[in-house]
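Below is one structure, written out as C-alpha cells; comments come after it.
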Amino acid sequence: MVEAVDDKLILEIDGKEVRVPFGTLILDAAKEVDVTIPTFCYQARLSGIGSCRMCIVEIEGQKKLQPACITPVMDGMKIATNSETVVSARRSMLEFLLSNHAKDCPVCDKAGECELQDMVYSHGQRKSKFEEKKISLHVKDYIISPVIIKNSNRCVQCVRCVRVCREVVGRGVLGSVGRGAYQEETSFRKGELDCDSCGMCIEVCPVGCFMRLPYRYKARPWDLKSAISVCPYCATGCKTTLQERDGEVVRSIAFKGLGFNDWLMCARGRFGYDILNSDKRLTKPLRKKGDGFEEISWSEAMGMISAEFAKTSPEKRGGVATASLPNEELFFFQKLMREAMGTPNLDSTSRWSGDTAGAYMAATAINEGGRTIYKAVNSDTVFVLGTQLSEENPVIDYIVRHVTDSGRSNLVIVSPRAMKLDATAHQSLRHTPGELAKFLNALILCLYEGDAGGLASLEEVGLSSKVSIAELAKLAGVTVDELRQLSMRLKRSETISILAGTDILKLDQGARGLRLLKLALEAMGKRLRILPILDRANQRGAWGMGVHPSLGPGFSPLSDDEKGLDCYGMLEAAAAGEMDLMYVIGEDIAGMYPDRAFAEDALSKVGFLIVQETFMTDTALKADLILPGALAGEKTGTFTNQVGRVQNLAPIQSPPGGARIDLDIMGDIASTVSKGFMDDGCTDIFGCIQKVVPSYLNIDNKSTGKDCGSVISTDVSLEAFFNVAESPGAVPTEEYPLRLITGNHLFYSGNLSSYSDILGSLLKEPVAEVGPETAKALGLEDGQNINVASEGYLDSFRLKISKGTPAGVVFIAENYEDKPINRFFKRGETIPLVKITS
Amino acid sequence: MLSDCAKEKIKKIYGNYSDLHSVSMTAMQIVQREIGHLTKEDLIEIAEMLDMKPIELDEIGGFYTMYNVERPVGKYHVQVCENLPCALVGAEHIITVIERHLKIKVGETTADKRYTLSRVQCLGSCGTAPMMQVNEEFYEDLTERNVIEILDGFE
Amino acid sequence: MAVEKILLHNVDKPNSHKLDTYLAGGGYEDLRKALAMGRDDLVQLVKDSGLRGRGGAGFPAGLKWSFIPKDPSLQKYLCCNADEGEPGTFKDRIIIEKDPHLLIEGMAITCHAINSDKSYIYIRGEFEYGAQILEQAIEEAYEKGYLGKNIMGTDFSLDMYVHRGYGAYICGEETALLESIEGYRGQPRKKPPFPALAGLNGKPTVINNVESLACIPGIIRKGSKWFANMGPEKSPGPKLFCVSGHIEKPGVYELPMGTTGREIIYEVCGGIKAGRKFKAVIPGGVTAPMLVEKDLDLSMDFDTMAQAGSMLGSGAVIVMDDTTCMVRTSYIINRFFSHESCGKCTPCREGTIWMTQILERMENGEGRPGDVEELERLCDNIFGRTFCPLGDGAVMALRGCLKHFREEFVYHVENGRCMVKGGF
Ligand SMILES: Cc1cc2nc3c(=O)[nH]c(=O)nc-3n(C[C@H](O)[C@H](O)[C@H](O)COP(=O)(O)O)c2cc1C
Ligand code: SF4
Ligand code: FES
C-alpha cells in the first residue's frame, strides 16, 4: 500500500493515480481524473442512497461491485470503472430499469431531455429481453397539483423527488408508497398536494414521471427557443431559462450549473412566466376619456406629454419607477427625472419612506459590496431577522435549510410569525409585530450583561440601557430566557450572518436596532455578514442607481438642497394639490401604499399622471396617460440581486402590439421634455453607470449566460440616515384587539405575479390566519368565514388557524385579487389594529 | 375518528422512544385493530398526533403488508401461508378447500363481510404446517377437515 | 441423540413462560454473575466462547459487541432481532413463547456488556401472541427488579421495549430493522456507517438474533470453554435446528453445531415422511442453496455449509422428498423474494419479479425455449450487484436448484409439465 501524504489518500482509478482527502466518494475522486461514472439516483446535493446501481464499480479484492456514489475511497484502492464486468452490470441495470418502464417515449413530454433515454443511448442494451407482462401502477396519468401531472409507469425509482421535497424544499409531501416493484413515489393517497408548488420534483425527475401540467403536450424540447434571464419575482435573483415555441412562452426552467441557484427555483419563478403570454397586457398608449380610456398613437402620447409638461414647474414634478426594472432603465430614469425634468423628486417604491430605506441601507451596509449566500449560510450562526424567508425568498429558504440541516451551521429565526424554516431552526423566536426595535435592544442588553463598559460605549451610539431586559422582553413579546439563549448562541459563534429582510423596511423600524447589533457583535470580535433580503427583483440595483430622493448614483449622499421628495412625500404633496406631474413606471402605488384611500385620492389630484405599465393596475386606472411598457422577458439589461450579484437579462420575445421597451419610451420622453437631451445621450448606458457608480466597475455586462460579477465596496457614509425617528409600535385597544401583519405570499410577490394565471390557479381563496389561542378566544373554527375590520375598512376572508401565528396577531397575504388589504391601513401606520367578527 | 381509547393507548407508548416518529408503526397497529383497517382520516389524525406528515404514514401503510389502508377486510381475515414448508405439505390444497368452502377467491371478502381470504408468506410455523392466521390467532397442522371446522367454529 | 438442553431447557415445563418457572430453574442468576463482572471481561468471555450469530450471517457475537464505543456519555442500544422471517425458521418463536425470560436475561447481560440502558425487541407483527408473552414477561421482570433502575442493587439500569413489525421480511436485515423501529419503511441503510457506530437514532447499536442472545446466560453459567468445545472449533455451541417439509417428525431440535444432515433427518426426525425417498434439503432457510444426497454427511455448521456452496443460515432445514417438483419449488421461493423485495435497488426490485414471472409461466406449462438460459442470465445480472443480501439470496436459491436439477426446468419448458410424478 502507498503511504498517504498530506491528509490525502492515494488510490488508483482506471489506472490513474488520484489523491483525495479522507471521506471523498469514489464518484468524486473519479471526477478528479476526468473519469465520468454514470449515475441516476445520485444528486450532488441530496442524501446519497446508492439504490439505482448505475454507478457500480469494481474494487480490487472485493467480490461485490460497489456504488461509487456512496462509497468513500480508501487508501490504496484500485478501482475499475470500465471493466467488462462493470460495463455489463451497467447495461443490465438499464435493462432492469426498462423492463417495467412504460417505454412510451413518442408521447412523453420528457423525450429528448430524458436521462433514461440518454443513458440507454450511451450505455444500453438497446434491446431488452424482457417479454413478461409489465407492472402497471395506474392506467391514466393523474393530476396531483394544478402544476403537476404524474405517470408513475415511467418511474425509475431514483426517489429524487421525495428527497428534494424533504431535504431541500422542506415540505415532505411526497413519499414512496408500496413495496418492491409496486413502489410508487406520489402524494398522500395520490390526492391533491398541499404544497409549495415549487415543481422541484418535476425538475429533478430524470424521466417523464413528474411532469409540468401547464407544459403538457405543448412542445418538444428540440422545438424550443431559449433565452437566459433572471426571475423577476424577488431579489434572490434566480437564473431562469425562458423557452418559447411559436410565439408562446411555454416554460421557465432552472438549469444545473447556471446561476447561483443552480437547479433551484420556486413556484413563482417556475410557473409565473405566463404573464408574458397574458392577453391582459397593455398594448397601446391610452388617454383618459371620461370614465374610460381611448387608444392613441405614440406620437399623440408624446404630444400630450410635451403640452402638459410645459404647464408644470420642476418642484411639482416627480416620478416613481419600480425596483423591478433593470439597472440601465433605472439609471436612465433618475437621469431623466433629475436632469431632463429637472426635479429631485423620485423614488423606487411606494411601500416605505425614503428615510426608512436609507436607514436600512445603512444598517445592512449595502455600500459594502456583494456577498455570496453560500458563504453566508456556512457561518457558525445564520440569523434570520425581519423576513418571512420561506414565503418571500423561497430559494434562499431552500439553501439555508439544506446547509444548516446538514449540521454545518446554527440557524436562528426571529420573526413575528411561524415559517416553514422553523422546523429546521435551532431556535425560533416570535416577537410582537412592530416591536422589532425593542427586541433588538433587549438582545443587545443580554449580550452585554455584566459588561458595563461595553454597554456604555454602545450607549454613546444610541443604545437605550435605561430599560430593563425584562421590561423590553415583555414589550417585545419574548421571554428573557429565550433572549439569553439566543445571546449565548451568538456569543459562541465566531462568524455570524444576519439575513435582514423587508419587515425592517415595511415596519418602519428595526434598522437602528440592527445597526446597534452590528456594532455590538463587532465589538465582541465576531465576523459579521449582513445580507439584505429583499422582495423586488432589482431593489438593490434601484438604490445603487440613485433612484432615491436623498441618494445619487453609487449611494452618494445628496446635499440638503439636492434632496427631493420620496413617494410618500409626493403623495402628500399631490393630496394638497401640489403635484403637477407624476411619471410612474411599473409601481402600483394605489395597490401598495399603506392607505389605499389616501393614495387613490392623492393620485387623482395629480395634475398630469403618466403611468407606464404592462397591465391595467389600480394606479393605471387613475392615469391621464398610460404608456404600454415591457416585461423582463422582453428586454435586455441587468439586475442586481439582493446580495450584489449582477446578472444579465435576455429577451425571449418582443413587447406585444404597440408596447415598447421602457428605456426607449423614457428616451422619447427625455427628448420631448428637454430638446437635445438625447443628443449627447450615451448609447452605452452601462458604461455611463460605471463612470458614476464605482461599485459596478468590476462588472462585465457583456457576459451572456454566466454572471456578470458582483458589486464591490464603495466608500460612502450612510450614517446620517440613523437620525430618523422610528414610529412607535401599535397598542391594541379593546375595540381593535388584534395586530394585522401583511406580507408577500409564496405564490405572489408584487402586482406582476397577480397576472399569472398559473400562479392564480395555485392560490386558494383569500385567507386570514390566526393562531389557535386567538381562534379559541374568539370562538372561531378553521375554515369559517369571518370579517376583518379596521377602523376604516372591513373585508371578509376564510379563517385559517395556523399553529405558528402568535396570539393577538392576524396575517393576511398581500396581492389577493379583490382584497385590497392596504385599505386596512391608515397613513403613517405600520401595524393596523383590527378585530375579527364572524 | 380515532377513539379516545386508541389515543390513550398511543400516548402510553410515547415514552418508549426517543422520537415520536418511532411511535407511528405501533400507533397505526393500535388503530387498525379497532375495525380491521385504516382509513385515510385515521392516517391524517395519527399524523397530527405524532407531528408527522400524512404521507409518511401512507408510506408505512403501503410497505408493511399487515396494514390494510383503505382496504376493509372481513370480520375474520383468513391468511394462509403459501411459502415452501407449508406448500410442501399441502398449503395449496388448503387454500382451494377454503376458497370452495367460503365461495370466494384469494383476495376477496365474502358477501356477508365475515371472511377475507389472503395468501401470506412464512409465518414461522413450518414445523406445524400447513397453517393459517385468522386475525391474530395461528391455526396449525391444518387438514382438509379441521380447516372447515375452524372456519365454521367462528361465531 | 440425547444432548443436554440449554436453550430448550425450560420449554416443556408447565407454565414455562412464567417468571417463577424460570427462577426455579436458576433463572437470572447468570445476570447476577455477569453484573459482578467487568464489561471487558464479559465481552472477552463471549469472544472466547466462539459464539457466532444465529440470525444467519454467523458473525462472532463478542467481536460485534467490542465495536461499540466505550464513551459512557453516548447512548447505546441493543436491538434483539426477533423478526424470524426466513421461510422454514421457527426457532426464535419457541424461545419467545415458551421461555421469554431466557431471552430477557440474555439481553440484560448483553446490555451490561455494551453499557446500554435501552433495548428493543423487534418482533414480527404476526407473532402477536409471542409479543404479548414478551410484554408480560418484561412486566414481570420489571416488578421483580430484573429490569428497570439499579438492577440487583448495582448501578446498572435497563429499559426494554417490544416493537412490532407488521409484515416485511426485509426488516430482518439489521439496518432495515432500525429504520422500522424509527418508524420508516424498512429499507436497508447504506454502510458505512455500521450500526455499531451509528445505528438506532444514529447511536451505537448492537443487533443480535434471539437465539444468539439466548445462548448468553448459558455461556456465563457454564463458561466459554464448555461452549467452545461443543461442535466444530470455528463454529461451536448448541444450535436450534428447525426441521420442516417432508419429514416424519418436524419441529425444533437443540443439537450441537456440526450434527450432520443425515443424523438430523434420519436419527432425530424419524426420516422422510411416509417412507418416501429423499430428494434434496435446504439447510438454512430458503435463501440457502439446496443440498442433495451426497452432501448429507456434511457437518452442519457455518463454515462447512459455506464450503459446500450453501449456508447454515438460520438452521432452517427444509426436507424435500422425491415427489417434489423443483420448478414449483423455485417458483414458490422466488415468489417470496419478489414479494419481499423492498424496492430500493434496481436489480432486486426489477430482477426478482422478472424471474418470478418466468418461473410462473414455466410452472403453468407456458415455458418458452430459452427461459432457462434467461433465468441464468438474470441470476448473473442480479448477483453481487444488489444493495443488500436479499437480492443475492433470491439468486442463490435459484442457482442452487438449477445446479442440481436443471433438467427438470428444461423438461418443464419442453413438455409444459412436471418431470416428477406425485403429490407436489
Ligand atoms: C434479508 C435478510 C433477512 C434477515 N432476516 C433475519 C431474521 O429474520 N432474523 C434474524 O435474526 N436475522 C435476520 N437477518 C440477519 C440480520 O441482518 C443480522 O445479521 C442478525 O440479526 C444479526 O444477529 P446475529 O449476529 O445474532 O445473528 C437477515 C438478514 C437479511 C439480509
Ligand atoms: S436487494 Fe435491494 S431491493 Fe432487494 S431488499 Fe435489498 S435493498 Fe431492497
Ligand atoms: S447513482 Fe450510485 S447507486 Fe444510483
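All figures in this text were calculated on a predicted structure; none of them were measured in a lab. Chain letters run A, B, ... following the sequence lines, proteins first, then strands; residues in each count from 1.
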Notebook entry, point to check: Out of C:H163, C:K91, C:E86, C:M320, which one racks up the most heavy-atom pairs below 4.5 Å with chain B?
Noted result: C:H163
Next item on the list: Please determine, among C:T89, C:I181, C:N201, C:D92, the option with the most heavy-atom pairs under 4.5 Å with chain B.
Entry: C:I181
Check: How far apart are the closest heavy atoms of B:G127 and C:S244, and which atoms are they?
Finding: N-CB, 4.3 Å
Margin query: Can you confirm whether B:E34 is buried at CD, in the sense that more than 12 heavy atoms of other residues, nucleotides or ligands lie under 6.0 Å from that atom?
Written below: yes
Next item on the list: Kindly determine whether C:R328 and B:E82 satisfy salt bridge (charged side-chain N to carboxylate O under 4.0 Å, His left out), including the steps that lead there.
Entry: CA-CA 12 Å; C:R328 185 168 173 68; B:E82 64 167 4; over 6 Å; no
Note to self: Quick check for you: to the nearest 0.5 Å, what is the distance between B:L88 atom CG and C:I332 atom CD1?
What the structure shows: 7.0 Å
Next item on the list: Go through the atoms of B:S125 and report whether side chain, backbone, both or neither lie under 4.5 Å from a heavy atom of chain C.
Entry: both
Check: Using a cut-off of under 4.5 Å for heavy-atom pairs, which of C:G183, C:G165, C:G125 has the most such pairs with chain B?
Finding: C:G183
Next item on the list: Heavy-atom pairs under 4.5 Å with chain C are the metric here; pick the option from B:M25, B:E136, B:Q29 that has the most.
Entry: B:Q29
Note to self: Regarding C:Y166 and B:T65, do their side chains bring together a donor and an acceptor under 3.5 Å, going by distance alone?
What the structure shows: no
Notebook entry, point to check: Is the count of non-hydrogen atoms from other residues, nucleotides or ligands lying under 6.0 Å from B:D112 atom CG greater than 12?
Noted result: yes
Next item on the list: Go through the steps for C:F337 and B:Q121 under the test side-chain contact (heavy atoms from CB on, under 4.5 Å), then give the verdict.
Entry: CA-CA 10 Å; C:F337 283 113; B:Q121 296 302 333; over 6 Å; no
Check: Atom CZ of B:F63 and atom OG of C:S180: how far apart are they, to the nearest 0.5 Å?
Finding: 8.0 Å
Checklist line | Under 4.5 Å from a heavy atom of chain B, the part of C:Y331 involved | finding: neither
Item checked: Spatial distance of atom CE (B:M28) from atom CZ (C:R164) [nearest 0.5 Å] -> 15.0 Å
Note to self: At a heavy-atom distance under 4.5 Å, which candidate from B:Q79, B:M52, B:E92, B:E137 has the highest pair count against chain C?
What the structure shows: B:E92
Notebook entry, point to check: Which atom names give the shortest non-hydrogen contact between C:Y184 and B:Y64, and what distance separates them?
Noted result: O-OH, 2.7 Å
Item checked: Straight-line distance of C:I318 CD1 to B:N83 CG, nearest 0.5 Å -> 7.5 Å
Next item on the list: Give the minimum heavy-atom separation between C:G88 and B:C122, together with the two atoms involved.
Entry: N-SG, 3.6 Å
Next item on the list: Mind running side-chain contact (heavy atoms from CB on, under 4.5 Å) on B:L84 and C:I282 for me, showing each step along the way?
Entry: CA-CA 11 Å; B:L84 185 62; C:I282 292 173; 3.7 Å; yes
Notebook entry, point to check: Within the side chain of B:Y67, is there an N or O that forms a donor-acceptor pair under 3.5 Å with the backbone of C:G167?
Noted result: no
Notebook entry, point to check: Which of the residues B:I13, B:N16, B:T128, B:I60 is involved in the greatest number of heavy-atom pairs with chain C at under 4.5 angstrom?
Noted result: B:N16
Checklist line | Heavy-atom closest contact (C:P87 atom, B:P85 atom, distance) | finding: C-CG, 4.4 Å
Next item on the list: Would you mind reporting whether C:K273 and B:V89 have side-chain heavy atoms less than 4.5 Å apart?
Entry: yes
Margin query: For C:V319, which atoms come within 4.5 Å of any heavy atom of chain B: side chain, backbone, both, or neither?
Written below: backbone
Next item on the list: Select, from C:M160, C:Q75, C:K118, the one with the greatest count of heavy-atom pairs under 4.5 Å involving chain B.
Entry: C:K118
Next item on the list: Count the heavy atoms belonging to other residues, nucleotides or ligands that lie under 6.0 Å from NZ of C:K279, then report whether that count exceeds 12.
Entry: yes
Checklist line | Over all atoms of both residues, closest heavy-atom pair of C:V162 and B:Y17 | finding: O-OH, 4.3 Å
Check: Would you say the side chain of C:F90 lies within less than 4.5 Å of the side chain of B:C126, judging by non-hydrogen atoms?
Finding: yes
Margin query: Using heavy-atom distances under 4.5 Å, tell me whether C:V286 contacts chain B through its side chain, its backbone, both, or neither.
Written below: side chain
Next item on the list: Would you check if C:R124 and B:L123 make a side-chain contact, meaning some heavy-atom pair closer than 4.5 Å?
Entry: yes
Margin query: Quick check for you: among C:G186, C:G85, C:C242, which has the greatest number of heavy-atom pairs under 4.5 Å with chain B?
Written below: C:G186
Check: Would you call B:H21 and C:E182 a side-chain contact if the rule is heavy atoms closer than 4.5 Å?
Finding: no
Margin query: With side-chain contact (heavy atoms from CB on, under 4.5 Å) as the criterion, how do C:Y161 and B:S22 come out once you've worked through the C-alpha distance, each side chain's angles and the decisive distance to 0.1 Å?
Written below: CA-CA 12 Å; C:Y161 308 101; B:S22 289; over 6 Å; no
Item checked: Cationic N near anionic O, under 4.0 Å, B:E56 to C:R185 -> no
Next item on the list: Heavy-atom distances under 4.5 Å only: say whether C:K249 touches chain B with side chain, backbone, both or neither.
Entry: neither
Item checked: Atom group of B:E59 that falls short of 4.5 Å from chain C, counting heavy atoms -> both
